[in-house]
Each structure stands twice: as C-alpha cells, then as structure tokens.
Protein chains: 2
Amino acid sequence: MTTIETTNALRLLQAADEFCAGLGGEFSAVHGISVNEFLMLLHLDRAASNRLPRVDLGKRMHVSASTITRMAAPMEKTGLLAKESDARDARLSFVVITQTGKQKLSEVFATFEKRAQYLFDDRCSTEELEQLSALLRRIAPKALGTLTA
Amino acid sequence: MTTIETTNALRLLQAADEFCAGLGGEFSAVHGISVNEFLMLLHLDRAASNRLPRVDLGKRMHVSASTITRMAAPMEKTGLLAKESDARDARLSFVVITQTGKQKLSEVFATFEKRAQYLFDDRCSTEELEQLSALLRRIAPKALGTLTA
DNA sequence: GCAAAAAACTTGCATACGCAAGCATTATGA
DNA sequence: TCATAATGCTTGCGTATGCAAGTTTTTTGC
C-alpha cells in the first residue's frame, strides 16, 4: 500500500523529468543553450542588481560551486554574463547578467512559455491551474531561490 | 507579464529539483544508490515479468540506451539485476530485477516514502493531496512509463 | 592583535551521460 | 529470395558535474 504522498512525489518527479527532457531538446536545437544555463540566466535576472555570488547561485540551482565556475566561463566569453567583485570582501566574485544576456533570456523564455502553455493546454481549467499553483508554491524552495515570487 | 502556466511550470521544475536533491543525498548516504538507480529498479519492478528491453527502459527514464548499458552493468555484478535474452529476437536483451533487487528496492522505497511524507507534511490537507494527485496525473508521462498506474 | 577557523572560489581527478559509429539481428519490399 | 533498411545493443569520445584539495581573504576567539 502506497500513500497518496508517495504517489504525488513520484508523479512530481516524472512530470518534471518529462517536461525537462522536451525543454532541453528544443533549447539546444533552437537557442543553443541548456536548461541549466537558462535557469542560471533566470536566477540572475530575478536577483537584486542582476547579480549573485557564485556560492549563492549554486545553492539556488542545486549545483556545486565548481559547476558555477565552469558554466559561467563560456557564457562570459560570449557576453551573456560578466564578472564583478566586491569592494568590501575580496573573496566574493559576482556573476552578473548583461544586457546581451537579458536579451537572450527573453528569447529563450518565450520558448519556455510556449512549452508551459502546451503542457497544460486542454488539460486544466483556469481554476485548476490556480489550485496547482497554490499547491506547488508550498512545496517549492522556501527561503532562497524562488523563481516565482 | 507571465502566465499562470509559466509560473506552474517553473514551480514544477523547482519543486522536483529540490526534492530530488535531498533524496539523492540520503539515498547515497544510507543506501549507496543513486536516484536514477532507484528509478530503474522501480520501473523494472512495475513492468510485466519484472523485466524490460534496454531501449524501453531508457525511454521511460529519459536516458540514452548507452546509459542503461552502463548503469545496469555494476548492478548486475552486485546481483540487483540480471540479464535475459529473447528466444524469438536475438537482438533483445532484457534487464530483469532479481529478488535481491526487489529487497533492495523495498528498503530504498521506504526512505522515499518517508521523504514524500515529509514533503507534504503539514502543508497540504488530504483533500488537497487528492487534487494535486489528479492534476499531476494529467501532465505526467502519457503512454509508457507511468510509475503510478 | 594574532592565531585559528571559516568562507569564497578555483583546479585536479573521477564519474555519469549523450552522441555517433559499429556490430549483430530482424523486418521490408521489389 | 535477397538486398536494403530498420532495430537493439555496445563502445569510443567529448562534455558536464561533484568532491576534495589548495589559495586567498575574512571572521572569530582569546
């Protein structure tokens, strides 16, 4: 006998995995970007001053600090991101999203929205969408990194 | 202006990611297994005759066939899985979950259930859990690989 | 004020994964 | 029937990622 909580957790994982797989394919083909790179741009765009210390960014994305270092490097080369330092604390190295990065993000975000639309299209009423929104809100990240305010 | 569908998709990704991160940590520490290995055992346990062709298994898990080959190999060595061939089609190579694998799965599944319980605990009423279940059911994988019947 | 601990970041190494190529087997169609 | 295509699987190679160690800078405790 499995509980309703278990069933929901399994469905949550499978639904996200399925959506993510389709998303990754289109992102890669159309925009030449990965889902994680998209999420990185999004986190930075939502952050105060459009920037975050590398450690913070890693925590929000559930990846290690070294991954941030290595993911950001090529994106700095292509001008999507920039690096900034803190006058008060020389250890900190901020990752900043540039105007170019914001432009790119808006393009990729359009694809995301299209996919999101398709995910729920003809499957949920407006009322159900609101219900789902409220429920997911409760089990999403609590303190840091909430992408949906 | 972002739509409710977009918000829901973002929350879905973040909630799953958060849950998955915590799960992976405990699975690794307590059971010495990855989330994907757990899902592999689960898919096989749910499948007819407790076995699946490697290609099918890959599609259900959203990973490539080569990943299945490489993931299954060590699990065959440790006796969690076994290999079977088809008399009719010599190309097929089934992955089968053994009794040992089922035993392991039940242990890991207990941890999964505990985490699932904690995820929703004190956050959702029984009625809301049922609502969520119905909504997630609609956006979960359609044809193959539904882990939740 | 200083030594020790902590924090932020980077780099070396090991692992996990996808893609493309290759092999073996089966299905297709003329 | 037989050549061609398709399918299932594995392997080589490149990329992505985590962990642990090392460096630099800041904080803490005495």
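The chains referred to below are lettered A, B, ... by the order of the sequence lines, with proteins before strands, and numbering in each begins at 1.
Across D:dT26, D:dC9, D:dT7, the shortest atom-to-atom separation from the side chain of A:R91 is found for D:dT26.
Using a 4.0 Å cut-off between a side-chain N of Lys or Arg and a carboxylate O of Asp or Glu, A:R88 and A:D86 do not qualify as a salt bridge.
In plain terms, the two heavy atoms of B:H31 and B:K104 that are nearest each other are O-NZ, 2.8 Å.
The distance from atom CG of B:L92 to atom C1' of C:dC23 is 16 Å, rounded to the nearest whole Å. The distance between atom CD of A:E84 and atom P of C:dC9, rounded to the nearest whole Å, is 13 Å. Taking atom CG on B:D86 and atom P on D:dT7, their separation rounds to 17 Å, with Å as the unit. For B:D89 and C:dT28, the CG to P distance is 12 Å, given to the nearest whole Å. Distance, B:F94 CZ to C:dT25 P: 17 Å, rounded to whole Å. Per the geometry, CZ belonging to B:R88 stands 18 Å off C1' belonging to D:dT7, to the nearest Å.
Rounding to the nearest 0.5 Å gives a distance of 10.0 Å between CD of A:E76 and OG1 of A:T98. Rounded to the nearest 0.5 Å, atoms OG (A:S64) and CZ (A:R70) are 8.0 Å apart. We find the CZ-OG1 distance between A:F120 and B:T6 to be 9.0 Å, quoted to the nearest 0.5 Å.
Within a heavy-atom distance below 4.0 Å of DNA chain D, the residues of residues 47-77 of chain B found are B:P53, B:R54, B:V55, B:A65, B:S66, B:T69, B:R70.
There is a side-chain donor-acceptor pair under 3.5 Å between A:E107 and A:Q103.
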